[in-house]
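What follows is a set of notes on a single structure, which appears directly below.
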Amino acid sequence: MSTASVQRTSGAGQDQAPRPGSGAPDTAALEAVFDAAVAADERIEPRDWMPDAYRRTLVRQMAQHAHSEIIGMQPEANWITRAPSLRRKAILMAKVQDEAGHGLYLYSAAETLGTGRDELLDKLHSGRQKYSSIFNYPTLTWADVGAIGWLVDGAAITNQVPLCRCSYGPYARAMIRICKEESFHQRQGYELLLALSRGTEAQHAMAQDAVNRWWWPSLMMFGPPDDESAHSAQSMAWKIKRHSNDELRQRFVDICVPQAESLGLTLPDPELTWNEERGHYDFGPIDWAEFRQVLAGQGPCNDQRITQRRRAHEEGSWVREAAAAHARKHSGVRTEGEAAA
Amino acid sequence: MTATAETAPVLALGDDALVLSHRLGEWAGHAPVLEEEVALANIALDLLGQARVLLSLVGDEDELAYLREERAFRNCQLVEQPNGDFAHTIARQLYFSTYQHLLYARLAAAGDGSGPLAALAAKAVKEVAYHQDHARQWTLRLGDGTDESHRRMQRGCESLWRFTGELFQPLGGAQGPAEDVRPGSRPGGVGDGGLGDGGLVVDWAALEADWLSSVTAVLEEATLSVPDGPRRGAWSAGAGRQGVHTEAFGRMLAEMQHLHRSHPGASW
């Protein structure tokens with residue numbers, strides 16, 4: 001641990017409120033230490049002092065990320081029972097399992113900031129916290145599993161690799177592991193589409209159709225354009241975020257165009273052309289009205305996804321209660337309610 | 001595709017693993033707690049891995065999984081039973097993983113005597129030990145948890161009980177359980193565990209006794225009563241091994257095979 005973080009930690013625990021009368025100067029001093037640590041690219045750790053807004057931003061972002069992992073299981077799990085070969089079935093099950101695992105790491109990372117999984121799930125179920133809008137699109141054919149791997153996981157990696165250097169330690173460390181697995185997911189998606197593209201005419205058409213439907217929503221995954229992004233500037237200053245939405249989107253487009261060519265598939269954008277001057281691909285306008293509509297709950301599967309999540313949670317409540325009751329019985333610890341009874 | 005006397009037991013074990021893996025895969029996105037999304041998928045993946053090894057010993061894994069009709073499957077009826085609630089799934093896991101663990105332990109102990117199954121059994125017995133522990137832990141939590149979980153767990157155990165007798169019918173012969181295969185029928189031995197000319201050389205009566213005592217111990221510790229109904233019946237016991245299944249199985253296969261069959265000859 002560096003000297004700066006020792007200073008930040010000692011006597012500056014989150015639960016130690018500043019003394020009355022001396023609060024303002026103390027906070028200013030702590031903030032200066034915090035700012036210096038962020039500026040020096042040091043990691044902020046759970047016991048370090050941090051501004052409330054930094055904590056809130058991180059909890060919101062990690063929760064949204066965790067929610068996206070567990071809601072994101074649904075569109076792919078939709079194909080587990082219909083996977084067309086045993087090899088593909090094994091890969092898909094492993095992938096969906098990884099997503100549950102990512103959800104676990106991320107809820108744990110959020111817990112280091114004092115917000116438990118139950119509270120976050122409650123916010124998801126009641127619509128007070130969001131998940132990535134991309135999962136409100138349906139998986140209509142087997143090729144959608146490939147398109148999700150190639151494009152959706154590809155976009156997620158582009159977004160997430162910089163998070164491995166995020167200023168908050170537990171989040172950065174969780175992201176290192178997650179990115180390794182996501183990179184496998186992305187490759188399996190590409191490989192799945194390649195097999196379809198080089199397969200029968202019907203398989204090729206299935207792959208092209210999936211790419212046509214998933215391309216634009218994938219570009220929307222990077223969020224609104226920079227000049228309309230509500231949280232970006234502060235997150236960049238805190239080094240939670242390292243690159244702007246538009247920068248990451250451009251990077252993704254530049255990666256995908258040659259990959260689509262190797263796949264033998266076309267991207268559904270007639271304006272997609274190499275711009276020698278910029279050294280990037282130009283691409284057509286994104287339909288932000290659609291993005292806002294899906295975000296507002298009017299996407300094809302918003303209701304379906306959240307209803308399934310709530311149902312799984314509600315139908316599982318007796319199981320969780322049983323586990324808790326069993327643990328209490330066998331640990332000798334009784335709840336207040338039981339003690340009173 | 002007809003199984004020979006030698007491959008019939010391998011096919012039966014492969015179908016068990018394939019079908020149970022599929023059922024567990026149906027839980028994805030529906031589990032009661034995130035940890036169980038991971039655990040159930042893990043068990044499903046282990047079983048699918050076993051199924052692929054076993055089916056490949058018999059023929060092409062995808063042809064066997066996707067192109068056979070319902071009547072050609074040799075899995076026991078227990079594994080094809082729909083998931084029901086979480087307690088029902090756990091009861092199925094307890095019954096089946098206990099059986100699988102005892103069987104694979106014997107086959108692994110027989111070493112080369114298990115022929116092509118030896119390597120698979122040695123690996124699978126370790127995986128299945130974990131599956132059995134998972135089922136046991138949940139049986140204890142649910143049986144000895146709340147009134148509701150106790151009631152549900154008891155109901156799950158009761159309703160699947162009648163499918164457990166089938167597990168101990170000797171596996172052998174191309175047409176299902178061969179009457180001429182008896183425990184220790186190999187020349188010169190009463191070997192327990194191994195692949196004989198006509199099927200698995202396993203002391204099935206001893207296996208059943210071990211199964212019953214293991215399951216009884218778990219149920220009693222979980223404050224559940226051991227079901228007292230028959231474990232074999234005119235219809236339920238022994239039928240799956242001969243290709244007679246329950247209604248839900250055809251529907252499961254329809255879903256599993258639909259895409260593969262819609263594109264004849266395609267590779268994926």
Side-chain angles (χ1 to χ4, degrees), chain A residues 66 69-71 73-90 92-94 96-101 103-104 107 117 121 141-142 192 195-196 198-200 202-203 206 305 308-309 311-330, chain B residues 18 21-42 44-45 48-49 51-52 55-56 61-62 64-66 85-87 90 137-138 140-150 152-153 222 252 255-263 265-268:
Chain A
E69 296 283 356
I70 62 168
I71 295 282
M73 293 170 70
Q74 291 182 29
E76 292 181 278
N78 183 36
W79 282 94
I80 287 178
T81 54
R82 292 176 288 171
S85 74
L86 296 185
R87 174 173 167 266
R88 291 288 176 201
K89 190 172 184 168
L92 182 57
M93 270 208 268
V96 174
Q97 184 194 33
D98 282 349
E99 281 151 15
L104 278 174
Y107 285 122
R117 199 203 303 180
L121 282 176
T141 72
W142 170 250
L192 192 163
L196 293 180
R198 293 179 178 174
T200 64
Q203 286 176 307
M206 192 193 284
R305 300 286 185 243
Q308 179 178 327
R309 180 87 269 292
R311 191 191 303 130
H313 191 75
E314 282 160 17
E315 288 178 357
S317 66
W318 68 270
V319 176
R320 297 189 300 275
E321 282 159 19
H326 182 267
R328 280 197 301 273
K329 281 184 200 178
H330 294 270
Chain B
L18 177 72
S21 166
H22 185 95
R23 284 298 189 205
L24 292 172
E26 292 173 353
W27 270 104
H30 299 275
V33 62
L34 202 45
E35 283 80 354
E36 284 307 299
E37 292 284 1
V38 178
L40 294 172
N42 213 58
L45 277 166
L48 184 53
R52 295 182 66 193
L55 295 181
S56 297
E61 60 175 27
D62 286 336
L64 286 164
Y66 292 100
D85 66 8
F86 188 67
I90 291 299
Q137 298 289 344
W138 272 111
L140 297 180
R141 286 186 201 109
L142 299 181
D144 191 17
T146 62
D147 289 347
E148 182 181 8
S149 71
H150 180 90
R152 286 175 183 260
M153 192 66 219
M252 191 204 102
E255 183 172 337
M256 183 174 105
Q257 297 182 336
H258 162 261
L259 177 59
H260 184 98
R261 285 177 180 252
S262 300
H263 298 262
S267 48
W268 301 91

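Naming: A, B, ... by sequence-line order, numbering from 1 per chain.
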| remark: Highest number of heavy-atom pairs under 4.5 Å with chain B among Ser317(A), Ala94(A), Ala195(A) belongs to Ala94(A)
| remark: Note: Arg320(A) and Pro32(B) closest approach over all heavy atoms is NH1-O, 2.7 Å
| remark: Looking only at Gln74(A), Arg87(A), Arg309(A), Glu76(A), the option with the highest number of non-hydrogen pairs under 4.5 Å against chain B is Arg87(A)
| task | Could you check if a side-chain atom of Glu36(B) sits within less than 4.5 angstrom of a side-chain atom of Val319(A), using non-hydrogen atoms only? | result | no
| query | Of all of Glu37(B), His30(B), His260(B), which one pairs up most often with chain A through heavy atoms under 4.5 Å apart? | reply | His30(B)
| Sidechain-backbone polar pair: Arg141(B) side chain, Ala322(A) backbone, donor-acceptor under 3.5 Å | no
| query | When rounded to the nearest 0.5 angstrom, what is the spacing between NE2 in His330(A) and CG in Leu140(B)? | reply | 7.5 Å
| said: What part of Arg82(A) gets within 4.5 angstrom of chain B, counting heavy atoms only: side chain, backbone, both, or neither? | reply: both
| So which part of Ala51(B) gets closer than 4.5 Å to some heavy atom of chain A, the side chain, the backbone, both or neither? | neither
| Got a salt bridge between Arg152(B) and Glu321(A), using NZ or NE/NH1/NH2 to carboxylate O under 4.0 Å? | no
| said: If I measure from the heavy atoms of chain B, does Ser85(A) come under 4.5 Å with its side chain, its backbone, both, or neither? | reply: both
| query | Shortest non-hydrogen contact from Ala28(B) to Ile80(A)? | reply | CB-CD1, 3.7 Å
| query | OG of Ser21(B) to NZ of Lys89(A): how many Å apart, nearest 0.5 Å? | reply | 5.5 Å
| task | Specify the closest pair of heavy atoms between Ala90(A) and Leu45(B), including all atoms of both residues, with the distance to one decimal. | result | O-CD2, 3.3 Å
| said: Heavy-atom cut-off 4.5 Å, strictly under: side chain, backbone, both or neither for Val96(A) against chain B? | reply: side chain
| note | When the 4.5 angstrom heavy-atom criterion is applied to Ala65(B) and chain A, the contacting part is side chain
| query | Which answer fits Leu55(B), side chain, backbone, both or neither, if we ask what part of it has an atom under 4.5 Å from a heavy atom of chain A? | reply | side chain
| Heavy-atom distance under 4.5 Å to chain A: side chain of Asn42(B), backbone, both or neither? | both
| query | So, Glu61(B) side chain and Leu86(A) main chain: donor-acceptor pair closer than 3.5 Å or not? | reply | no
| note | CE of Met93(A) to CG of Leu48(B), rounded to nearest 0.5 Å, is 4.5 Å
| message | Looking at every non-hydrogen atom in both residues, tell me the closest pair between Asp144(B) and His326(A) and how far apart they are. | response | O-CD2, 3.5 Å
| field | Which portion of Tyr66(B) sits near chain A, non-hydrogen atoms under 4.5 angstrom | value | side chain
| message | Can you confirm whether Asp62(B) sits close enough to Arg88(A) that some side-chain heavy atom of one is under 4.5 Å from a side-chain heavy atom of the other? | response | no
| message | Give me the atom names and distance for the closest heavy-atom approach of Gly145(B) to Lys329(A). | response | O-NZ, 2.9 Å
| said: Using a 3.5 Å distance criterion without hydrogens, assess whether the side chain of Glu315(A) forms a donor-acceptor pair with backbone atoms of Asp85(B). | reply: no
| remark: Scored by heavy-atom pairs under 4.5 Å with chain B, the best of His313(A), Glu314(A), Arg117(A) is Arg117(A)
| task | To the nearest 0.5 angstrom, please state how far the CE atom of Met206(A) sits from the CG atom of Leu259(B). | result | 5.5 Å
| Over all atoms of both residues, closest heavy-atom pair of Gly29(B) and Ala312(A) | O-CB, 4.0 Å
| query | With respect to chain A, which residue among Glu255(B), His263(B), Met153(B) yields the maximal number of heavy-atom pairs within a distance under 4.5 Å? | reply | Glu255(B)
| said: Tell me if the CZ atom of Arg261(B) is crowded by more than 12 foreign heavy atoms within 6.0 Å. | reply: yes
